[in-house]
Amino acid sequence: MDHPLIDLINARIKQAEADGAFDNLEGAGKPLPRVDDPDAEMMNRILRENGAAPEYVSLSRELSRLRDELAETGDRTRRREIMKEMSLMDAKIEMAKRDFKR
């Protein structure tokens with residue numbers, strides 16, 4: 001059984017084609033990339049497009065921010081605090097990478 005709106009959907013697609021909405025799309029005429037696990041690839045794409053990232057990536061961004069702060073900070077006490085935070089962040093990143101690979 002067809003979808004109740006199939007005629008409307010097809011009409012909209014035909015109109016978009018006529019208007020050139022599908023002209024010059026990125027990757028047009030090129031083969032699709034080879035994917036070993038299509039379900040996982042779709043989920044990864046959805047996550048990427050919505051700004052999600054594995055924990056170790058988020059932690060790495062935080063570590064980068066701490067490095068920038070360290071470079072800009074002249075206060076010795078704050079520099080020591082930042083270096084402690086960076087050391088903990090390195091450990092967290094290694095644990096997150098290990099967990100991610102499981």
Side-chain angles (χ1 to χ4, degrees):
M1 182 173 163
D2 284 340
H3 190 280
L5 298 175
I6 195 70
D7 293 332
L8 176 63
I9 293 167
N10 287 330
R12 295 266 172 102
I13 291 171
K14 285 180 185 177
Q15 184 61 49
E17 286 175 333
D19 294 343
F22 302 119
D23 295 346
N24 302 316
L25 291 175
E26 182 180 339
K30 297 178 184 174
L32 293 173
R34 180 172 161 70
V35 176
D36 293 328
D37 185 354
D39 293 334
E41 177 58 28
M42 183 186 325
M43 181 58 74
N44 288 336
R45 190 191 74 205
I46 290 168
L47 291 172
R48 268 192 318 272
E49 288 173 356
N50 289 290
E55 183 182 18
Y56 73 88
V57 172
S58 300
L59 293 171
S60 295
R61 289 178 185 149
E62 177 65 15
L63 180 60
S64 178
R65 186 196 63 75
L66 287 170
R67 284 185 181 128
D68 291 343
E69 185 179 349
L70 181 65
E72 296 170 4
T73 302
D75 179 17
R76 290 181 143 193
T77 303
R78 180 63 188 138
R79 289 180 64 83
R80 251 184 268 125
E81 291 171 359
I82 293 170
M83 287 189 282
K84 285 180 187 176
E85 288 179 52
M86 288 172 61
S87 180
L88 288 172
M89 193 65 62
D90 276 330
K92 288 179 181 179
I93 290 169
E94 289 307 312
M95 290 177 8
K97 283 181 179 179
R98 190 176 52 231
D99 291 343
F100 183 75
K101 291 179 182 178
R102 287 184 192 172

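Asp90 CG to Ile93 CD1: the interatomic distance, rounded to the nearest 0.5 Å, is 5.5 Å. Atoms CG and CG, from Asp68 and Leu63 in turn, are 10.0 Å apart once rounded to the nearest 0.5 Å. The CG atom of Leu66 lies 14.0 Å from the NZ atom of Lys84; values are rounded to the nearest 0.5 Å. To the nearest 0.5 angstrom, Arg98 atom CZ is 6.5 Å from Met95 atom CE.
Annotation: side chain to side chain donor-acceptor pair (under 3.5 Å) contacts of Arg78 (sequence neighbours excluded): Glu69, Glu81, Glu85. Judged as a side chain to side chain donor-acceptor pair (under 3.5 Å), and not counting sequence neighbours, the contacts of Glu62 are Arg65. For Glu49, the salt bridge (charged side-chain N to carboxylate O under 4.0 Å, His left out) partners at least two apart in sequence or on another chain are Arg45. For Arg48, the salt bridge (charged side-chain N to carboxylate O under 4.0 Å, His left out) partners are Glu41, not counting sequence neighbours.
Shortest non-hydrogen contact noted between Ile46 and Asn50 is O-ND2, 2.7 Å. Residues Ala21 and Leu25 share a closest heavy-atom pair of O-CD2, 4.0 Å.
By the neighbour-count criterion of 12 heavy atoms within 6.0 Å, atom CE of Met42 is sparsely surrounded, having that number or fewer from other residues, nucleotides or ligands.
Using a 4.5 Å heavy-atom cutoff, the side chains of Met86 and Ile82 are in contact.
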Enumerate donor-acceptor pairs with a distance under 3.5 Å from any side-chain N or O in residues 11-20 to protein atoms, sequence neighbours excluded.
{"from": "Gln15", "atom 1": "NE2", "to": "Asp19", "atom 2": "OD1", "distance (Å)": "2.9"}
{"from": "Gln15", "atom 1": "NE2", "to": "Asp19", "atom 2": "OD2", "distance (Å)": "3.3"}

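A donor-acceptor pair under 3.5 Å is absent between the side-chain atoms of Arg79 and the main chain of Gly74, judged by distance alone.
Connection of Leu88 to Leu59 is not established within any shared hydrophobic cluster, with ILVMFWY side chains joined at heavy-atom distances below 4.5 Å, either directly or through further cluster members.
Evaluation of the ring-ring contact (aromatic ring centres under 6.0 Å, His included) test over residues 42-96, restricted to residues two or more places apart or in two chains, returns Tyr56-Phe100.
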